[in-house]
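Note: hydrogens, waters and symmetry copies are ignored here, and every other heavy atom, side chains too, is used. Positions are given from 1 along the sequence.
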Amino acid sequence: MSYSEESLDKLESGNLEEFENSFKKALDNDTPEILYSLAEELYSLGFTSHAKRIYEQGLKNDPDEDVYKINLAEIAIDDDDIDTAINFLSDINKNSDEYLRALLVMADLYQTQELFEVSEQKLLEAYRIAPDEPVITFALAEFYYSTRNYRKAIAEYLKLIRQGVTSLSSVNIVERLGVSYAEIGQFENAVGYLDQIKQVDMNSDVKFELGFTYLKLKDYKKAIGVFEDLLENDPNYTSLYPALADAYIEDNQVDKALVTIQEGLSVDQYNEKLWLKAAKIANRASNDQLVTEYLIKGLEIDPENYELISMLADWYINNNQYQEVIDLLTPLNDENSLDSILKWNLASANAELGNINEAVQLYQQAENELVEEPDFLKESALFFREVGDVQKSNQLVKLYLQIVPNDFEMNSLLDDY
């Protein structure tokens with residue numbers, strides 16, 4: 001038994017002190033080949049400092065062996081020592097047997113630094129050197145996939161499929177193709193690939209993507225079937241709840257949609273988007289109490305969420321809860337955080353409650369951006385007429401009639417002046 005094998009045995013038995021002794025003996029006595037195997041094993045087990053010592057010793061004894069440089073570069077990357085990693089990798093000559101691997105490591109390094117153009121250049125250089133090497137094509141495809149350049153990713157994945165490569169580095173190429181097609185809206189192609197994946201190979205992400213693709217294809221029954229299967233096997237997959245609820249809505253099963261979104265809230269109660277979705281579904285189900293409850297709960301999580309604020313303000317207006325509108329929107333208006341639509345809501349609420357000065361100011365502020373919105377012009381024209389500002393009302397009526405010239409009521413109002 002070599003000292004390297006002995007050190008691994010000691011490590012496996014948990015005897016760290018004897019492991020260290022055997023490791024030192026291995027460094028002094030074992031061949032470079034045996035030590036290299038030990039380093040690979042130690043690196044995989046997380047003992048990077050020990051692997052590093054072996055690689056450094058190997059490089060010292062054989063400065064021209066580039067494999068040590070690459071391995072040391074990878075360890076430097078793990079330690080976030082980017083400059084050291086680049087120095088090791090840049091020292092590898094283009095004629096080296098390890099140059100292709102160096103390019104791949106450099107591509108990964110630059111991608112983690114968000115230097116995507118440089119990363120792509122390294123991968124394309126590797127591809128020019130070895131265009132028929134699946135690992136290179138796969139690395140390029142994965143780069144495009146991770147940077148959401150799905151059309152280019154598809155082209156590379158298809159090259160692998162044509163070479164008969166359907167799986168590499170535990171990645172299902174067919175799955176990648178299906179997801180990529182779905183991301184660019186080619187759902188027929190997407191489902192064609194995703195449907196090929198065996199049930200045993202379908203993880204939660206693939207099931208969700210397949211269900212989502214069926215949803216986009218308006219095949220709601222199949223979408224529901226896939227999502228329900230995902231729900232049964234992975235109830236903590238939170239993205240499925242709004243998607244399954246949408247499928248139920250489209251299939252006219254509103255009650256099931258509401259139950260589904262409520263189940264989602266029990267799993268992911270701090271997701272304000274889920275509360276908004278729940279409010280919309282409760283509205284479809286005509287459950288007024290839940291609409292308000294869900295919107296308020298969502299705002300407790302994210303008080304500045306515009307969609308929640310807007311929907312709650314509209315809800316209060318439509319249900320004549322004008323003081324609630326004022327309580328909701330006035331603090332935001334004081335902070336200059338309201339857009340013109342919400343200022344309009346606040347103006348309407350103040351007008352209804354007789355807060356004339358506040359309403360006048362708000363209608364005037366909203367007018368700048370809503371001068372082409374006929375409903376706003378009509379409402380504000382009638383308001384200014386009621387409070388006696390005939391000139392302002394007349395101005396707004398004229399603007400309104402430019403958009404809706406055949407409104408008899410408003411034409412007669414203008415004639416009255």
Side-chain angles (χ1 to χ4, degrees), residues 249-250 252 254 276-277 279-296 298-299 304-417:
I249 289 287
E250 296 294 346
N252 297 314
V254 178
L276 176 64
K277 171 71 77 172
K280 291 178 178 178
I281 294 173
N283 189 28
R284 289 285 296 268
S286 301
N287 193 322
D288 295 352
Q289 180 181 347
L290 285 181
V291 173
T292 308
E293 178 184 330
Y294 289 158
L295 290 171
I296 291 174
L299 283 172
E304 298 180 358
N305 186 290
Y306 173 80
E307 285 191 87
L308 288 164
I309 294 168
S310 181
M311 185 174 176
L312 185 56
D314 287 342
W315 178 261
Y316 284 147
I317 287 287
N318 293 334
N319 287 277
N320 303 321
Q321 295 177 252
Y322 303 116
Q323 187 58 51
E324 285 81 355
V325 176
I326 292 172
D327 293 341
L328 174 67
L329 297 182
T330 298
L332 296 172
N333 189 52
D334 293 341
E335 298 172 1
N336 296 316
S337 298
L338 293 186
D339 67 6
S340 56
I341 297 294
L342 291 177
K343 283 183 182 292
W344 177 11
N345 280 335
L346 187 55
S348 298
N350 276 288
E352 292 289 344
L353 294 183
N355 302 326
I356 305 303
N357 291 335
E358 291 84 351
V360 167
Q361 184 177 6
L362 288 161
Y363 276 122
Q364 290 175 336
Q365 291 173 1
E367 182 184 336
N368 291 331
E369 295 184 21
L370 298 178
V371 70
E372 296 182 357
E373 173 53 58
D375 290 340
F376 170 80
L377 292 171
K378 184 172 185 177
E379 178 185 314
S380 55
L382 294 173
F383 165 77
F384 280 107
R385 186 185 189 202
E386 286 182 14
V387 300
D389 192 339
V390 175
Q391 183 179 0
K392 181 65 176 177
S393 178
N394 197 31
Q395 174 193 349
L396 293 166
V397 171
K398 289 179 179 179
L399 290 171
Y400 173 79
L401 290 174
Q402 290 177 10
I403 303 171
V404 191
N406 297 322
D407 188 318
F408 176 78
E409 177 191 2
M410 295 301 282
N411 272 292
S412 64
L413 187 64
L414 186 59
D415 292 340
D416 289 344
Y417 294 141

Determine whether a donor-acceptor pair (N or O, by modelled atom type, separation under 3.5 Å) exists between the side chain of [X] and the backbone of [Y].
{"X": "Ser337", "Y": "Asn333", "answer": "no"}
{"X": "Asn355", "Y": "Glu358", "answer": "no"}
{"X": "Asn283", "Y": "Asp288", "answer": "no"}
{"X": "Asn394", "Y": "Val390", "answer": "no"}

- Message: With no hydrogens and no angle check, just 3.5 Å: does a side-chain donor-acceptor pair link Trp344 and Glu379?
- Response: yes

Taking atom [atom1] of [X] and atom [atom2] of [Y], what is their separation to the nearest 0.5 Å?
{"X": "Asn319", "Y": "Asp314", "atom1": "CG", "atom2": "CG", "value": "11.0 Å"}
{"X": "Leu401", "Y": "Leu413", "atom1": "CG", "atom2": "CG", "value": "9.0 Å"}
{"X": "Met311", "Y": "Leu299", "atom1": "CE", "atom2": "CG", "value": "11.0 Å"}
{"X": "Asp327", "Y": "Tyr316", "atom1": "CG", "atom2": "OH", "value": "8.5 Å"}
{"X": "Asn350", "Y": "Ile326", "atom1": "CG", "atom2": "CD1", "value": "4.0 Å"}
{"X": "Ser380", "Y": "Asp389", "atom1": "OG", "atom2": "CG", "value": "11.0 Å"}

Minimum heavy-atom distance between [X] and [Y], given as atom pair plus value:
{"X": "Ala347", "Y": "Ala359", "answer": "O-CB, 3.8 Å"}
{"X": "Ala279", "Y": "Val291", "answer": "O-CG2, 3.7 Å"}
{"X": "Pro405", "Y": "Asn411", "answer": "O-ND2, 2.9 Å"}
{"X": "Leu332", "Y": "Ile309", "answer": "CD1-CD1, 3.7 Å"}
{"X": "Leu329", "Y": "Ala313", "answer": "CD1-CB, 4.1 Å"}

- With sequence neighbours excluded, what pairs up with Asp407 under the salt bridge (Lys or Arg N to Asp or Glu O under 4.0 Å) test? Lys378

- Query: For Glu373, what residues pass the salt bridge (Lys or Arg N to Asp or Glu O under 4.0 Å) criterion, not counting sequence neighbours?
  - Reply: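 Per chain and number, Glu373 pairs via salt bridge (Lys or Arg N to Asp or Glu O under 4.0 Å) with no residue.
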
- Task: State which residues pass ring-ring contact (aromatic ring centres under 6.0 Å, His included) with Phe383; sequence neighbours excluded, sorted by chain then number.
- Result: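 Checked Phe383 against ring-ring contact (aromatic ring centres under 6.0 Å, His included); matches are Tyr363.
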
- Message: Are more than 12 heavy atoms, taken from residues, nucleotides or ligands other than Gln323, located less than 6.0 Å from that residue's CD atom?
- Response: yes

- Message: Any salt bridge linking Lys277 with Glu307? Criterion: basic side-chain nitrogen under 4.0 Å from a carboxylate oxygen.
- Response: no

Does any part of the side chain of [Y], heavy atoms only, come nearer than 4.5 Å to the side chain of [X], both counted from C-beta?
{"X": "Val404", "Y": "Met410", "answer": "no"}
{"X": "Tyr306", "Y": "Leu342", "answer": "yes"}
{"X": "Leu346", "Y": "Lys343", "answer": "no"}
{"X": "Ile341", "Y": "Leu370", "answer": "yes"}
{"X": "Val371", "Y": "Phe376", "answer": "no"}
{"X": "Ile281", "Y": "Asn287", "answer": "no"}
{"X": "Leu276", "Y": "Tyr294", "answer": "no"}

- Evaluate the side chain to side chain contact (heavy atoms under 4.5 Å, CB included) criterion for residues Leu382 and Ser393: first the C-alpha distance (whole Å), next the side-chain angles of each, then the deciding distance (0.1 Å), finally the verdict. CA-CA 7 Å; Leu382 294 173; Ser393 178; over 6 Å; no

- Passes side chain to side chain contact (heavy atoms under 4.5 Å, CB included), Asn368 versus Ser340? Steps please. CA-CA 8 Å; Asn368 291 331; Ser340 56; over 6 Å; no

